[in-house]
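Proteins come first, then strands; the chains are lettered A, B, ... in the order of their sequence lines, and each starts at number 1.
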2 protein chains.
Amino acid sequence: MLRTWLFSKNVRHMVFDAIDRAILKRLQSDGRISNANLAEAVGLSPSACSRRLDILEKSGVIRGYHARLSDKALGYRMTAIVHISLSGQFAKTLTEFEKAVQRCPNVLSCYLMSGEYDYVLRVVVKDLEDYERLHRDWLSALPHVVRINSSFALRDVIDRPNTGLDINLA
Amino acid sequence: MLRTWLFSKNVRHMVFDAIDRAILKRLQSDGRISNANLAEAVGLSPSACSRRLDILEKSGVIRGYHARLSDKALGYRMTAIVHISLSGQFAKTLTEFEKAVQRCPNVLSCYLMSGEYDYVLRVVVKDLEDYERLHRDWLSALPHVVRINSSFALRDVIDRPNTGLDINLA
DNA sequence: CGTGAAAGGGTTCACTC
DNA sequence: GAGTGAACCCTTTCACG
């Protein structure tokens, strides 16, 4: 169990006006929209829109543009949530674990946690057999692991492509 | 606790050749690349590349294109993993819960689970106070909830923008 | 922030192999 | 299935008001 800081960095967040938020929201749902169409959608001229987008991109609010692929269509039909505890919480222990877990492509997300377990992982696998392999060859082999608790997703209820912005606009 | 089917749908997955995978991989990391540049990157003529992309998009492998925003920059600096159990597992109970949870913009993902809890949610909030509000006004108010267990992410170790494809290519 | 025009690219055909 | 070439459309990006 960990008892550390709750905030890793002081990422200052900018203040966005209604148009900025409209731009972000639009790019969230359509990452490939052209600047001209985006401008029209938010009621701006193309040049003004382009200038704003530049600023937004440089500010770091936009972490990137990505095609979202379907795990299922790629053959990865199971999602597992894996809770893991380590034998200690020394910085070195955490770092070694984290470096190792980065190398496993099945792991889509990994959080260092407060609470009962040290890490929560979200992993995708093709099927139960694939999961067995992953558990044997990867999860159990990660350094310093003393406890693993896996459960499986039966269904995706919510899987939002993106983060928090809707909250501002709700 | 639930004991249901493990696979919701038979999503047949297509077979992709090396060029398809290169296209998908490229769009995964750069969702805004133009068809012309994409074609060059994968060693195809623009027209051939455009044809393939059409097929890929229609096949459903590509679920969409999105700008990935920074929660942190938007002021959402905490991530919580919330485990929830309901009072029963009748279809109606699940449906009512799921309809309600959809309406909460803080919930970025939600899985129906096998195992000890019925659902796992990943939610973002601004701070502890915001979490308290969420817990009081949203989580506790969701229908049929009998047990809630929250833990907090101290740090993102892995947060891949996308899914499974790297596994094929590793 | 908007306008307008110039310049450069991008997309998409029909056609060919 | 893939490449070529050309037409057309669209986009971006200035300088300026």
N/O donor-acceptor pairs under 3.5 Å from side chains in residues 142-151 of chain A, not counting sequence neighbours:
{"from": "A:His144", "atom 1": "NE2", "to": "A:Glu96", "atom 2": "OE1", "distance (Å)": "2.6"}
{"from": "A:Arg147", "atom 1": "NH2", "to": "A:Glu116", "atom 2": "O", "distance (Å)": "3.4"}
{"from": "A:Asn149", "atom 1": "ND2", "to": "A:Tyr117", "atom 2": "OH", "distance (Å)": "3.2"}
{"from": "A:Ser150", "atom 1": "OG", "to": "A:Tyr131", "atom 2": "OH", "distance (Å)": "2.2"}

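Listed by chain and number, the residues in a salt bridge (charged side-chain N to carboxylate O under 4.0 Å, His left out) with B:Asp159 are A:Arg63, B:Arg68 (sequence neighbours excluded). B:Asp30 pairs by the side-chain hydrogen bond (donor to acceptor under 3.5 Å, both in side chains) definition with nothing, not counting sequence neighbours. In this structure, the side chain to side chain contact (heavy atoms under 4.5 Å, CB included) partners of B:Asp137, at least two apart in sequence or on a different chain, are B:Arg133.
In DNA chain D, stems built from 3 or more consecutive Watson-Crick or G-U wobble pairs, each with both distances under 3.5 Å, span C:2-17 with D:1-16.
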- [ ] Could you walk me through whether B:Tyr119 and B:Phe97 pass ring-ring contact (aromatic ring centres under 6.0 Å, His included), step by step?
- [x] CA-CA 10 Å; B:Tyr119 290 94; B:Phe97 172 83; 4.4 Å; yes

Nucleotide by nucleotide, nucleotides 2-17 of chain D touches protein heavy atoms under 4.0 Å in the pattern (B base, S sugar-phosphate only, - none) BBB------SSBB---

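Heavy-atom neighbours of B:Gln102 CD from other residues, nucleotides or ligands within 6.0 Å: above the threshold of 12.
Residues B:Ala100 and B:Trp138 share a closest heavy-atom pair of O-CZ3, 3.7 Å.
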